[in-house]
Visitor: 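Structure below; questions to follow.
Here the structure is a predicted model, which is why all the values come from computation and not from measurement. Hydrogens, waters and symmetry mates are skipped; everything else that's a heavy atom, side chains included, is used. For reference, positions follow the sequence shown, starting with 1.
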Amino acid sequence: MKAPDQHQAFSEDGDVLDGLRRLGLLEDSERPELTPLTGGVSSEIWKVSSARGEFCVKRALARLRVAAVWEAPLERSHFEAEWMRVAGSIRPDNVPELLAEDVASHLVVMRFLPPADYPLWKAQLRDGHADPAFAAKVGEALVAIHAATADDPAIAARFATDAAFHAIRLEPYLEATASRHENVADRLFELSRTTAGTKRCLVHGDVSPKNILAGAGGPVFLDAECAWFGDPAFDLAFVLNHLLLKCMWTPAAGEKFLDCFAALIAAYVAGVTWEPAQALEERAAALLPGLMLARIDGKSPVEYITAEADKDRVRGFAIPLLQRPATTLADIAAAWRLEISR
Ligand SMILES: Nc1ncnc2c1ncn2[C@@H]1O[C@H](COP(=O)(O)OP(=O)(O)OP(=O)(O)O)[C@@H](O)[C@H]1O
Ligand SMILES: [Mg+2]
């Protein structure tokens, strides 16, 4: 798909403009100013400046802009909107306000959060700005959404996205990685099955620093296309994985990232109400090395670990932990601290 030019009108087919008109967000004759927002691989996303004000419009792409072939069902757009409705009712300050959804054209329209007030957490981490108090707020907000939706049959029915979650999370991360690591392939498939079979809470599915805006009042979670009623340990392990891998991106801030790691866990664990926190932590600790390896050898490798020697360090760290899982996340952090200080 052609990348949008600056201030370009929406794609030739006019779907998006039609969708916005159907939603009553544009006048019939209006040609709004559209600015593409960069950063996403799975959608087209623009800031729209119209007579009604500024908003952000997002349309799902059928094929993701990653090197490996990775198709994702367009219906994920609807589940992103659904997640915003549910999570926004629980934690309105941590979710962008949903303004409208056009199911037919897979459009989600939300409040535009200006970068000056809402910088991307990923950019802050890259620059070595890692604040444990902010990480704690991420853990606290995430667990609040998990706790409020735990064991809720209505939420389970609304987010019965098991097939999509398998197709866009478990397969490209854990299972695709298994095909490159025969010695831990069974373990990776086992993790995939255990995760798929654990149905407890509303999971965001992509809690990555690139999907978290760092507002003054705390995190705002974007990009809930992978929303699923399933294992909350996945969200916890997913975000923690990013904090570990960032140590290889910005080594000088390694200790601060590990402080963030600990602060996020402490805040998260304090809010686990639906099961023993230890059980959840064990699942997260089991998943974490699988996700680390997946971000090196799965279908969506992190773009900032490029040197083969660095990739080998992550592999050499994660594989033994897959073979002999740690029971606590702190044990993994302690081992990683040793690894990165070498
Ligand atoms: N409501 C918003 N206000 C301001 N900026 C936003 C908003 N939503 C998204 N963005 C910006 O657009 C980027 C991409 O958004 P998003 O993550 O939702 O798209 P995506 O294509 O699904 O991404 P991914 O590559 O993670 O799949 C974000 O990182 C952020 O910088
Ligand atoms: Mg994103």
Visitor: If you round to the nearest 0.5 Å, how far is CZ of F229 from CD1 of I155?
Guide: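 Here the interatomic distance stands at 8.0 Å.
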
Visitor: Count the heavy atoms of every other residue, nucleotide or ligand shown that sit under 6.0 Å from CD of E182, and state whether that count exceeds 12.
Guide: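 Check fails, neighbour count at 12 or below.
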
Visitor: List for me each residue that meets ring pair (Phe, Tyr, Trp, His ring centres under 6.0 Å) alongside F134, sequence neighbours excluded, and say none if there are none.
Guide: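 For F134 the ring pair (Phe, Tyr, Trp, His ring centres under 6.0 Å) partners, ignoring immediate neighbours, are W121.
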
Visitor: What closest approach, in Å, do A233 and R283 show between heavy atoms, and which atom pair accounts for it?
Guide: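 Scanning both residues completely, I find the closest heavy atoms to be CB-CB, 3.7 Å.
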
Visitor: Can any side-chain N or O of T195 pair as donor or acceptor with the backbone N or O of L191 at less than 3.5 Å?
Guide: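 Side chain of T195 to backbone of L191: a pair is present.
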
Visitor: Could you go through the salt bridge (Lys or Arg N to Asp or Glu O under 4.0 Å) check for R111 and E54 one step at a time?
Guide: CA-CA 8 Å; R111 183 165 303 287; E54 284 186 338; over 6 Å; no

Visitor: Check for a donor-acceptor pair, side chain of N241 on one end and backbone N or O of L291 on the other, with a separation under 3.5 Å.
Guide: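 Yes; at least one donor-acceptor contact below 3.5 Å.
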
Visitor: Say whether, by atom type as modelled, one donor and one acceptor occur between the side chain of S89 and the main chain of V86 under 3.5 angstrom.
Guide: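 Yes.
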
Visitor: Is there a chain of hydrophobic side chains (I, L, V, M, F, W, Y, each step under 4.5 Å between heavy atoms) that links L113 to M84?
Guide: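 No, no single cluster joins them.
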
Visitor: Is the positively charged end of K47 above the ring of F112, judged by distance under 6.0 angstrom from the centroid and angle within 45° of the axis?
Guide: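 The answer is yes, since K47 meets both limits relative to F112.
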
Visitor: Are more than 12 heavy atoms, taken from residues, nucleotides or ligands other than Q278, located less than 6.0 Å from that residue's CD atom?
Guide: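 Counting other residues, nucleotides and ligands, CD of Q278 stays at 12 neighbours or fewer.
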
Visitor: Are H78 and H106 close enough that some pair of their side-chain heavy atoms sits under 4.5 Å apart?
Guide: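 Contact flag for H78/H106 side chains = no.
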
Visitor: Are the side chain of S43 and the backbone N or O of I45 linked by a donor-acceptor pair below 3.5 Å?
Guide: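 Side chain of S43 to backbone of I45, a donor-acceptor pair under 3.5 Å: no, none is there.
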
Visitor: Do L244 and F261 have side-chain heavy atoms sitting under 4.5 Å apart?
Guide: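 Heavy-atom side-chain distance check passes, below 4.5 Å.
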
Visitor: Quick check: do L125 and L243 have side-chain heavy atoms less than 4.5 Å from each other?
Guide: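 Sidechains of L243 and L125: in contact.
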
Visitor: For the residue pair E101 and E80, establish whether any side-chain heavy-atom pair is separated by less than 4.5 Å.
Guide: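 A side-chain contact is absent here, since even the closest heavy-atom pair is not under 4.5 Å.
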
Visitor: According to the interplanar angle, ranging from 0 to 90°, do the rings of F165 and W228 count as parallel (below 30°), tilted (30 to 60°) or perpendicular (above 60°)?
Guide: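 F165 vs W228 ring planes: parallel.
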
Visitor: What distance separates E225 CD from N211 CG, expressed to the nearest 0.5 Å?
Guide: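 Going from CD on E225 over to CG on N211, the span is 8.5 Å.
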
Visitor: Go through the steps to decide whether R295 and S300 satisfy the test side-chain contact (heavy atoms from CB on, under 4.5 Å), and finish with yes or no.
Guide: CA-CA 6 Å; R295 293 326 283 259; S300 179; 3.3 Å; yes

Visitor: Quick one, Y268 with H146, criterion ring-ring contact (aromatic ring centres under 6.0 Å, His included). Give me CA distance, side-chain angles, the key distance, then yes/no.
Guide: CA-CA 10 Å; Y268 185 92; H146 290 166; 5.6 Å; yes

Visitor: Return the minimal non-hydrogen interatomic distance between I332 and A326, and the atom names on each side.
Guide: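 Looking at all heavy atoms of both residues, the closest pair is CG1-CB, 3.7 Å.
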
Visitor: Do R76 and T161 have side-chain heavy atoms sitting under 4.5 Å apart?
Guide: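 Not touching, per the 4.5 Å side-chain cut-off.
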
Visitor: Supply the atom-to-atom distance D231 CG to D235 CG, rounded to the nearest 0.5 angstrom.
Guide: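 Answer rounded to 0.5 Å: 9.0 Å.
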
Visitor: In a check of salt bridge (Lys or Arg N to Asp or Glu O under 4.0 Å) between E303 and each of K210, K122, R126, which one passes?
Guide: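 Exactly one pass, corresponding to K122.
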
Visitor: Assess whether side-chain contact (heavy atoms from CB on, under 4.5 Å) is satisfied between F221 and I212, documenting all intermediate values.
Guide: CA-CA 5 Å; F221 297 100; I212 296 177; 3.8 Å; yes

Visitor: Out of curiosity, R313 CZ to I296 CD1, how far, rounded to the nearest 0.5 Å?
Guide: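 It comes to 11.5 Å.
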
Visitor: Hey, is the main chain of T328 close enough, under 3.5 Å, to the side chain of E282 for a donor-acceptor pair?
Guide: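 Between the backbone of T328 and the side chain of E282 there is no qualifying donor-acceptor contact (under 3.5 Å).
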
Visitor: Apply salt bridge (Lys or Arg N to Asp or Glu O under 4.0 Å) to the pair D206 and R169, showing each step before the final yes or no.
Guide: CA-CA 9 Å; D206 200 0; R169 299 285 93 171; 3.4 Å; yes

Visitor: Sequence neighbours excluded, which residues qualify as ring pair (Phe, Tyr, Trp, His ring centres under 6.0 Å) partners of F159?
Guide: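 Not a single residue meets the ring pair (Phe, Tyr, Trp, His ring centres under 6.0 Å) criterion with F159.
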
Visitor: Could you grab the distance from atom CH2 of W83 to atom OG1 of T149, nearest 0.5 Å is fine?
Guide: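 Spacing of CH2 (W83) from OG1 (T149) equals 10.5 Å.
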
Visitor: Counting distance only, does the side-chain N/O of E30 pair as donor-acceptor with the main-chain N or O of A51 below 3.5 Å?
Guide: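 Judged by distance alone, yes, a pair lies under 3.5 Å.
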
Visitor: Got a sec: does the CG of D186 have more than 12 other heavy atoms crowding it under 6.0 Å?
Guide: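 Incorrect, the count does not exceed 12.
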
Visitor: What's the separation between atom CZ in R85 and atom CD1 in I90, rounded to the nearest 0.5 Å?
Guide: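 If we round to the nearest 0.5 Å, R85:CZ and I90:CD1 are 14.0 Å apart.
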
Visitor: Evaluate salt bridge (Lys or Arg N to Asp or Glu O under 4.0 Å) for E27 paired with R21, printing each intermediate quantity in order.
Guide: CA-CA 6 Å; E27 305 298 335; R21 286 195 188 98; over 6 Å; no

Visitor: Taking the side chain as everything from C-beta on, heavy atoms only, tell me whether S50 gets closer than 4.5 Å to L25.
Guide: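 Side-chain contact under 4.5 Å: no.
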
Visitor: If every non-hydrogen atom of A164 is compared with every non-hydrogen atom of P73, which pair is closest and at what distance?
Guide: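 So the two residues come closest at CB-CG, 4.2 Å.
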
